[in-house]
Amino acid sequence: MPGTVQAIERAAAILRTLAGGPGRLGLSEIARTLDLAKGTTHGILRTLQLVGFVEQDRVSGQYQLGGALLHLGTSYLDINELRSRSINWADPLAARSGEAVRIGTVLEGQVLVVHHVFRPDDTFQTLDVGALLPLHATALGKVLLAYRAGGPAPHLETFTRRTLTDPRALAVALDGVRESGWAFEVDEFLVGQAAVAAPIRGYGGLVVGAIGVSGPVERLCDSHYRPLPRLVTYVRDAARAISRDLGATR
């Protein structure tokens, strides 16, 4: 059996160090942690930076994992990467909208909530991180379903009388999501609740997640049960900002 390639081992160690750190790390800190010479560490970091696996902050000179890592793995998604890149935009979205913010991705045919910002008021709220939501009955799920290869799951469970369980009706709704660039739900998963969501894209325009706001129907919708335009704008602006951070060019 051939021996291991030392440069690859060291590159992997650097990536693990960045992944396990509290944030960005400097050259000296990385070299000291791995007991490597600064020159060696810098050479590996430059190579990783060229292929997009590492990014360097222009102001501090420190390093962090790069968005190109989203291409690794069969799901094309590192959940921690999606969450870390979204945090800076989720809090301002909650503040602007006055509503709860959730970020989700697909996991085994459902929406996995990877980040949740509470509504900025004093009401009792439950943390949804780790919760699994239906694709066809939620705004987050419709976004992910609209841009996913293949059709929806054959069984479309009923949650309320407004849940879309007819495959043809759902297909029309998903066409609308792709045309408009955002999705909404009203009384479809929980009675009295509404939500608006938009896609988060990575390199190559691949949809890797969705971000949205949710709350009572009377706060999110007008008298015709359509989402308020300002909320749609806030959500789409946040989705675009996160997408830029993940390397999307559009």
Side-chain angles (χ1 to χ4, degrees), residues 77 79-107 109-147 157 159-160 162-164 173 176-177 180-201 207-246:
L77 175 67
I79 290 174
N80 290 327
E81 176 76 0
L82 173 62
R83 182 178 183 275
S84 65
R85 296 302 179 112
S86 303
I87 287 175
N88 290 337
W89 303 103
D91 285 343
L93 176 57
R96 292 182 73 189
S97 66
E99 304 298 340
V101 174
R102 293 183 296 188
I103 296 163
T105 188
V106 176
L107 177 67
Q110 294 178 284
V111 181
L112 171 66
V113 179
V114 300
H115 188 56
H116 179 202
V117 179
F118 284 158
R119 184 172 58 253
D121 59 27
D122 296 328
T123 59
F124 175 78
Q125 300 174 69
T126 303
L127 188 66
D128 286 344
V129 173
L132 292 171
L133 308 174
L135 287 169
H136 67 288
T138 60
L140 291 173
K142 288 178 188 176
V143 167
L144 298 170
L145 200 54
Y147 295 99
E157 184 177 353
F159 296 97
T160 75
R162 293 178 63 96
T163 305
L164 291 177
V177 173
S180 65
W182 57 279
F184 71 98
E185 63 176 279
V186 179
D187 290 334
E188 295 173 53
F189 180 50
L190 296 172
V191 175
Q193 292 292 301
V196 178
I200 297 172
R201 299 176 182 272
V207 173
V208 296
I211 183 171
V213 297
S214 59
V217 173
E218 60 268 22
R219 286 213 306 263
L220 268 69
C221 300
D222 60 21
S223 58
H224 299 288
Y225 296 96
R226 290 287 301 180
L228 299 176
R230 63 177 180 83
L231 294 180
V232 175
T233 299
Y234 294 161
V235 170
R236 297 190 72 189
D237 286 349
R240 291 190 188 101
I242 299 168
S243 298
R244 285 194 298 270
D245 282 356
L246 287 172

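- Side-chain contact between R102 and L133 is present, with at least one heavy-atom pair separated by less than 4.5 Å.
- With sequence neighbours left out, D237 forms a salt bridge (charged side-chain N to carboxylate O under 4.0 Å, His left out) with R240.
- Across all their heavy atoms, A94 and P120 have their closest contact at O-CG, 3.4 Å.
- Distance alone, capped at 3.5 Å, is enough to place a donor-acceptor pair between the E185 side chain and the A139 backbone.
- Every side-chain contact (heavy atoms from CB on, under 4.5 Å) that T123 has, sequence neighbours left out, goes to R119, D121, Q125.
- The nearest pair of heavy atoms linking S86 to I242 is OG-CG2, 3.6 Å.
- Here the straight-line distance linking atom OG1 of T138 with atom CG of L144 works out to 7.5 Å at 0.5 Å rounding.
- A238 and I211 get closest at one heavy-atom pair: CB-CD1, 4.2 Å.
- When all heavy atoms are compared, the tightest approach of V117 to A90 is CG2-CB, 3.7 Å.
- Counting only distance, with no hydrogens or angles, the side chain of R236 and the backbone of A198 share no donor-acceptor pair below 3.5 Å.
- With a 4.5 Å cut-off on side-chain heavy atoms, I103 and R83 do not count as touching.
- Counting only residues at least two apart or in different chains, salt bridge (Lys or Arg N to Asp or Glu O under 4.0 Å) contacts with residues 187-197 comprise K142-E188.
- Between the side chain of T105 and the backbone N or O of G209 there is no donor-acceptor pair closer than 3.5 Å.
- Legend: residues meeting salt bridge (charged side-chain N to carboxylate O under 4.0 Å, His left out) with R96, ordered by chain and number and at least two apart, are absent.
- In this structure, the side-chain contact (heavy atoms from CB on, under 4.5 Å) partners of S180, at least two apart in sequence or on a different chain, are W182.
- Pairs passing the salt bridge (Lys or Arg N to Asp or Glu O under 4.0 Å) check and including a residue from residues 129-138, sequence neighbours excluded, do not occur.
- Every residue meeting the ring-ring contact (aromatic ring centres under 6.0 Å, His included) condition with F189, not counting sequence neighbours, appears here in chain and number order: F159.
- Applying the side-chain contact (heavy atoms from CB on, under 4.5 Å) test to Q193 and every residue at least two apart in sequence or in another chain returns L190, P216.
- Residues satisfying the ring-ring contact (aromatic ring centres under 6.0 Å, His included) criterion with Y234, sequence neighbours excluded, are absent altogether.
- For W89, the ring-ring contact (aromatic ring centres under 6.0 Å, His included) test picks out no residue, with sequence neighbours left out.
- Within the 4.5 Å cutoff, the side chain of V106 has no heavy atoms near those of the V111 side chain.
- Judged purely by atom type and a 3.5 angstrom limit, S214 has no side-chain atom pairing as donor or acceptor with the backbone of A195.
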Quiz item: Could you walk me through whether L246 and L82 pass the side-chain contact (heavy atoms from CB on, under 4.5 Å) check?
Solution: CA-CA 8 Å; L246 287 172; L82 173 62; 4.1 Å; yes

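- Here the shortest heavy-atom pairing between L140 and A197 reads N-CB, 3.7 Å.
- Under the ring-ring contact (aromatic ring centres under 6.0 Å, His included) criterion, H115 pairs with no residue, sequence neighbours left out.
- Looking at heavy atoms from C-beta onward, E157 lies out of side-chain contact with P134 at the 4.5 angstrom threshold.
- Minimum interatomic distance between R201 and V208 (heavy atoms only, all atoms of both residues): C-CG2, 4.3 Å.
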Table please: side-chain donor-acceptor pairs of residues 217-224 below 3.5 Å, with sequence neighbours left out.
unit_1	atom_1	unit_2	atom_2	d
R219	NE	E99	OE2	2.8
R219	NH2	E99	OE1	2.9
D222	OD1	H224	N	2.8
D222	OD1	Y225	N	3.1
D222	OD1	R226	N	3.0

